[in-house]
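The block underneath contains the structure these notes are about, expressed in structure tokens.
First listed ligand is number 1; within each ligand, the first listed atom is number 1. Residue indices begin at 1 and follow the sequence shown. Remember, it's a predicted structure, so these values are computed and weren't measured experimentally.
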Amino acid sequence: MFLIDKGVHAQTKAVVATRAKPLGITVLEVDSLSIPAGTSYFGLLVQYPDTTGAIVDYSKVADSAHDAGALIIAAADLLALTLLKAPGEWGADIAVGSAQRFGVPMGFGGPHAGFMAVRTGLERSLPGRLVGQSVDAHGNPAFRLALQTREQHIRRDKATSNICTAQVLLANMSAFYAMWHGPAGLTRIAERIHNYAAQLASVVDTENKSYFDTLTIKVADASATHAKAKALKINLGVVDATHVRISFDETITDSIFASIASIFGFKVAPAQGSGIATALKRTSTFLQHPVFNTYFSETAMLRYLRTLADRDLALDRTMIPLGSCTMKLNATTEMEAVTWPEFASLHPFAPAEQTQGSRLLIDQLSKWLLEITGYDAVSLQPNAGSQGEFAGLLAIRNYHDSRGDSSRNICLIPSSAHGTNAASAVMAGMKVVVIECDEAGNVSLDDLKAKIADHGATLAALMVTYPSTHGVFESAISEICALVHDAGGQVYVDGANLNALVGTAQPGKFGADVSHLNLHKTFCIPHGGGGPGVGPVIAKAHLAPFLPNHPLDALAGPATGPGPISAAPYGSASILPISWAYIRLMGGEGLTHATEVAILNANYMAYRLKDSYPILYTGNKGLVAHECILDVREITKESGVTVDDIAKRLMDFGFHAPTMSFPVSGTLMIEPTESEDILEMNRFIDAMIAIRYEISEITDGKIAVEDSALRHAPHTIGTIASSTWERSYPRERAAFPATLTGLIPGELIGMKGKYWPTTGRIDGAYGDRNLVCSCPPVEAFA
Ligand SMILES: Cc1ncc(COP(=O)(O)O)c(C=O)c1O
């Protein structure tokens, strides 16, 4: 059993309930200060400060939880923690929360970075991406993604989570906020906020004996108080007929506080005392790393940001041909509205009449997505494709349950599927059964029929990607859907690859019951280094009653829904204007044309590269869909050159690597998208052909693979400029492997526009063995 404290936010409780149910976890709401003796539980979630604003001392609760063999999780507020004793110091095993507080706009609920920190010993069970520090080939520190064997793209149904796209951009934004203000500045902001709360606490009838920024206030008539507040353009929290709630943030000013004084009828006066008990005051230091204590002038910060950007091999510098990722143009026009206060400053639970513009946009975008896909109902709540998968599979489960078909729990997933599919099925309480693919990369109809026969009345769903992650349109897709339906199952079509379908085929019409879409792929939301995203779950009418809803927003989903899967009713609402603008700018004809060009570009790549690298799969007409897989396995056997070698060497040419070893080990998957013009594609093709020539030098015995530029790639400026050069190939070739024509006609990339990799080849195994915090040790500051 999992316990959740009564003081946790209502939306958090609801998300926990939605996610616990399919896993068969019982959730019980308790007062954590008086958990009945003998209660058997494995985990307890408390909130610090809690939803009423109170700061509870949970140290004894943590001791009892540990005595009961349970872990205690603190949902904490980052800004409050600058003044409060850290959860890890009073015994919490895990701290979670939102980093919105650190400079990220409310945005009608998102996107915001969530954080999760654990005590030593739990790190290998963490979900999602972990950045660890390793060393590169020159012994320099180098950051990389660590412990990936926990993750869905490798561990599939046994992964620690289904997380793929995350909230990296928002994590970076809040990190920059922390760097800009530093620990002293953050503390000052927190103290200022706390001081306003303390001023208010001194003069109103509050139930809070403790508080940081939030007070629950007793009033004679809450609706009259709300009416007064609204007239002054202030929203108060709704508690009950005689209580309102108020929360301060860093935007509070004396003049807003004067309005608050007029609502509650008091005279502004200095605060009497503090809302934080001495025992819970923070005494430990935090954010001591130099990065949080250096960039305090605007010029210095600007230059720091520029330095980081220069190290990035991003879309504004080169094509990012990541297959299955659809890295396409994110036009400035599409993105501009994200920063407008009309979208950026909305609270997720602001009254519906104040949020009509966003709701209209959501409504229009929803209708357009339905028209594009041929489905009947959509929820924009999921924050990523993986979360859309979870919501879609949950809809399937609840649909079966509603028909008394509760034994249907088998989810058939082709071996080619994205790892999120299997991990999501497990989260939805299903059992994964893998379907083989045939030699052409298609779902094996024979294996599908056999597995359907094996599982008969327990078949819940088939989860299939179309076009497949092998980069082909399976000609048997309608037959596959029919076979599953005949056996009483539902068909989930993973719509992450919709860039190959928009305007030409509709999953809702060719036999699918439900899909997720990745608005951060086809519909132009930038990937932000790994997120944010939006993963709408979109379904036929019979599954509509089972799409996500929200306890605090009746308009956010059907009353019959499973509950929220995200804390905000419309998930990452503030980035929806990007997709809205893309569709609006393109129109139906433009979208169809984009699909055609995306497919044409992938086939051009495949055609031009096929003599150098065999194309692993093509459809029955010898063509690929929106991406193509280069088979490097024979090349590796003959030469020892691996996909890693090719990917790293591409950096010397100034290109980002394609997707490596997914979905087939030893291959490279390329998706140029419609955004790349022929010049950029030709530059990339020329680089790949030049690399093939370097490989042939190895197979011809001219150079050993260990000595080759391929194995030593990428070449940093430090390597090239070193006083010794004992390599078997010239420096020029290392740094300037080809005179590729540049963006400015006639200019040679490699001379003026050279991208210099900043890190040599990273030692992956070292990084996994020595997972360390990215903070330098204390001694480094001595
Ligand atoms: C085919 C496929 N399915 C699912 C996903 C998961 O989507 P997300 O990364 O938004 O969670 C991806 C993303 O890479 C994908 O390519």
Worksheet item: For Arg19, which residues count as a salt bridge (Lys or Arg N to Asp or Glu O under 4.0 Å) partner, sequence neighbours excluded?
Response: none

Discussion item. According to side-chain contact (heavy atoms from CB on, under 4.5 Å), who are the partners of Leu361, at least two apart in sequence or on a separate chain?
Written reply: Phe343, Leu576, Pro577, Trp580

Worksheet item: Any cation-pi pair here, Lys610 with Tyr607, using under 6.0 Å and within 45°?
Response: yes

Worksheet item: Can you list the residues that meet the salt bridge (Lys or Arg N to Asp or Glu O under 4.0 Å) rule with Arg397, with sequence neighbours excluded?
Response: none

Worksheet item: Strictly under 6.0 Å, is that where the ring centroids of Phe662 and His418 end up?
Response: yes

Distances under 3.5 Å, N/O of ligand 1 against N/O of the protein: list each pair and its distance.
from	atom 1	to	atom 2	distance (Å)
ligand 1	3 (N)	Asp494	OD1	3.2
ligand 1	3 (N)	Asp494	OD2	2.5
ligand 1	7 (O)	Asn518	ND2	3.1
ligand 1	9 (O)	Thr165	N	3.0
ligand 1	9 (O)	Thr165	OG1	2.6
ligand 1	10 (O)	Thr165	OG1	3.1
ligand 1	10 (O)	Gly385	N	2.7
ligand 1	10 (O)	Asn518	ND2	3.4
ligand 1	10 (O)	His520	NE2	2.6
ligand 1	11 (O)	Gly385	N	3.4
ligand 1	11 (O)	Ser386	N	2.8
ligand 1	11 (O)	Ser386	OG	3.2
ligand 1	14 (O)	His418	NE2	3.2
ligand 1	14 (O)	Lys521	NZ	2.9
ligand 1	16 (O)	Ser324	O	3.0
ligand 1	16 (O)	Ser324	OG	2.6
ligand 1	16 (O)	Lys521	NZ	2.8

Worksheet item: Less than 6.0 Å separating the ring centroids of Tyr466 and Phe510?
Response: yes

